[in-house]
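In what follows, a structure is listed as structure tokens, so that the remarks can point back to it.
Keep in mind that what you see is a predicted model, and the values were worked out from it rather than measured.
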Amino acid sequence: MQNLMTRRFTLREKILMLVLIVILLLGLYFFLVFYPVRNQLADIDAEMQEVEDKQVIADVIEKRYADMNAELEEIFSMPKDEITYMPEYDNMQDLLVCFNKIFASNTKWDYDYSESRDGGIVTRAIRLNFEASDFENAKAILGQLTDTGYRCLLKNLSLSPAGEDVENGALRLSLTIDFYEIEK
């Protein structure tokens with residue numbers, strides 16, 4: 001036994017042991033240094049990509065916020081009588097109160113309406129028929145209809161004489177005005 005411990009290695013055995021030590025060192029290097037560093041670099045790249053994606057999203061949100069602020073500043077810089085808003089659905093009673101005030105002196109008027117919905121916005125198309133005493137009165141009534149303070153769009157306006165001519169006599173008006181409301 002003692003002979004095995006004091007035995008000298010041959011050149012071939014020394015080379016094999018040296019090769020085994022090199023293989024062992026390479027294996028230790030790959031498992032303890034190379035693969036962990038490569039995995040950490042991949043994780044860092046993934047985190048950087050995630051941060052860049054979040055930065056792009058934040059930039060888009062910031063631009064949208066700036067655009068919305070600019071739009072609000074534009075709206076608030078308008079004269080108070082031109083600012084309109086969209087009330088919550090169902091605003092029909094308030095509209096009828098406005099119409100009754102507008103047509104208080106005019107007994108000949110009628111209406112009907114329809115509704116349509118699109119993405120949380122309700123469009124109430126109100127068809128009005130009324131008579132005005134003259135052209136100036138008709139213009140005043142149309143101005144009042146569009147200046148209720150509610151978001152609206154006047155369309156399909158037709159004008160015809162109730163009597164003999166458009167310039168001097170009473171007028172018959174027929175129109176559609178869309179009022180917009182927010183559906184909650």
Show your reasoning for whether side chain to side chain contact (heavy atoms under 4.5 Å, CB included) applies to Phe179 and Leu153. CA-CA 7 Å; Phe179 284 92; Leu153 175 67; over 6 Å; no
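- Within the model, atoms CG of Asn91 and CD1 of Ile182 stand 11.0 Å from one another, a figure rounded to the nearest 0.5 Å.
- How far CD of Gln55 is from CE of Met48: 13.0 Å, rounded to the nearest 0.5 Å.
- Taken together through direct or relayed side-chain contacts under 4.5 Å among Ile, Leu, Val, Met, Phe, Trp and Tyr, Leu32 and Ile23 form parts of separate hydrophobic clusters.
- The ring-ring contact (aromatic ring centres under 6.0 Å, His included) test applied to Phe9 returns no partner, not counting sequence neighbours.
- In this structure, Cys152 and Leu145 approach most closely via the heavy-atom pair SG-O, 4.2 Å.
- Other cluster members for Val56: none, since no ILVMFWY side-chain heavy atom sits under 4.5 Å from it.
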Could you walk me through whether Lys54 and Val51 pass the side chain to side chain contact (heavy atoms under 4.5 Å, CB included) check? CA-CA 5 Å; Lys54 286 181 180 180; Val51 167; 5.6 Å; no
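- Counted by atom type alone, Gln49 and Asp53 present one or more donor-acceptor pairs between their side chains at under 3.5 Å.
- In this structure, Leu175 CG and Leu173 CG are separated by 6.5 Å, a value rounded to the nearest 0.5 Å.
- In this structure the side chain of Glu13 reaches within 4.5 angstrom of the side chain of Thr10, judged on heavy atoms.
- Residues Ile177 and Lys155 fail the side-chain proximity criterion, which asks for heavy atoms closer than 4.5 Å.
- If you check the side chains of Glu73 and Asn69, you find no donor sitting under 3.5 Å from an acceptor.
- Thr146 places a side-chain N or O within donor-acceptor distance of the main-chain N or O of Leu142, the cut-off being under 3.5 Å.
- In summary, Lys63 and Asp67 engage in a salt bridge, as defined by a charged side-chain N under 4.0 Å from a carboxylate O.
- Taken from CD in Gln40 to CD in Glu47, the straight-line distance is 10.0 Å, to the nearest 0.5 Å.
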Start with the C-alpha gap between Ser174 and Phe130, add the side-chain angles, then the distance that decides, and say whether side chain to side chain contact (heavy atoms under 4.5 Å, CB included) holds. CA-CA 7 Å; Ser174 179; Phe130 63 93; over 6 Å; no
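- Between Ser114 atom OG and Asp178 atom CG the span is 8.0 Å, to the nearest 0.5 Å.
- Taking the six-membered ring for Trp and thresholds of 30 and 60 degrees, Tyr111 and Tyr113 have nearly parallel ring planes, at less than 30 degrees apart.
- Following chains of ILVMFWY side-chain contacts shorter than 4.5 Å, one cannot reach Phe34 starting from Leu25, and the two form parts of different hydrophobic clusters.
- Separating the CG atom in Asn129 from the OG1 atom in Thr176 is a distance of 8.5 Å, to the nearest 0.5 Å.
- In terms of hydrophobic clustering, with Ile, Leu, Val, Met, Phe, Trp and Tyr side chains grouped at heavy-atom distances under 4.5 Å, Leu157 and Leu159 are assigned to a common cluster.
- Taking all atoms of both residues into account, the shortest heavy-atom contact from Ile141 to Ile102 is CG2-CG2, 3.9 Å.
- Using a 30° and 60° split on the angle between ring planes, Trp109 and Phe99 fall in the perpendicular class, above 60°.
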Can you give me every donor-acceptor pair (side chain of residues 115-128, partner residue at least two apart or in another chain, under 3.5 Å) with its distance?
from: Glu115; atom 1: OE1; to: Tyr89; atom 2: OH; distance (Å): 3.0
from: Glu115; atom 1: OE2; to: Tyr89; atom 2: OH; distance (Å): 3.4
from: Glu115; atom 1: OE2; to: Arg124; atom 2: NH1; distance (Å): 2.7
from: Arg117; atom 1: NE; to: Glu183; atom 2: OE2; distance (Å): 2.6
from: Arg117; atom 1: NH2; to: Tyr89; atom 2: OH; distance (Å): 3.2
from: Arg124; atom 1: NE; to: Glu181; atom 2: OE2; distance (Å): 3.0
from: Arg124; atom 1: NH2; to: Asp90; atom 2: OD1; distance (Å): 2.6
from: Arg124; atom 1: NH2; to: Glu181; atom 2: OE1; distance (Å): 3.0
from: Arg124; atom 1: NH2; to: Glu181; atom 2: OE2; distance (Å): 3.3
from: Arg127; atom 1: NE; to: Asp112; atom 2: OD1; distance (Å): 3.1
from: Arg127; atom 1: NH2; to: Asp112; atom 2: OD2; distance (Å): 3.4

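- Residue Met17 places its CE atom among 12 or fewer non-hydrogen atoms of other residues, nucleotides or ligands, all under 6.0 Å distant.
- One hydrophobic cluster holds both Tyr29 and Phe31 under the rule that ILVMFWY side chains link at heavy-atom gaps under 4.5 Å.
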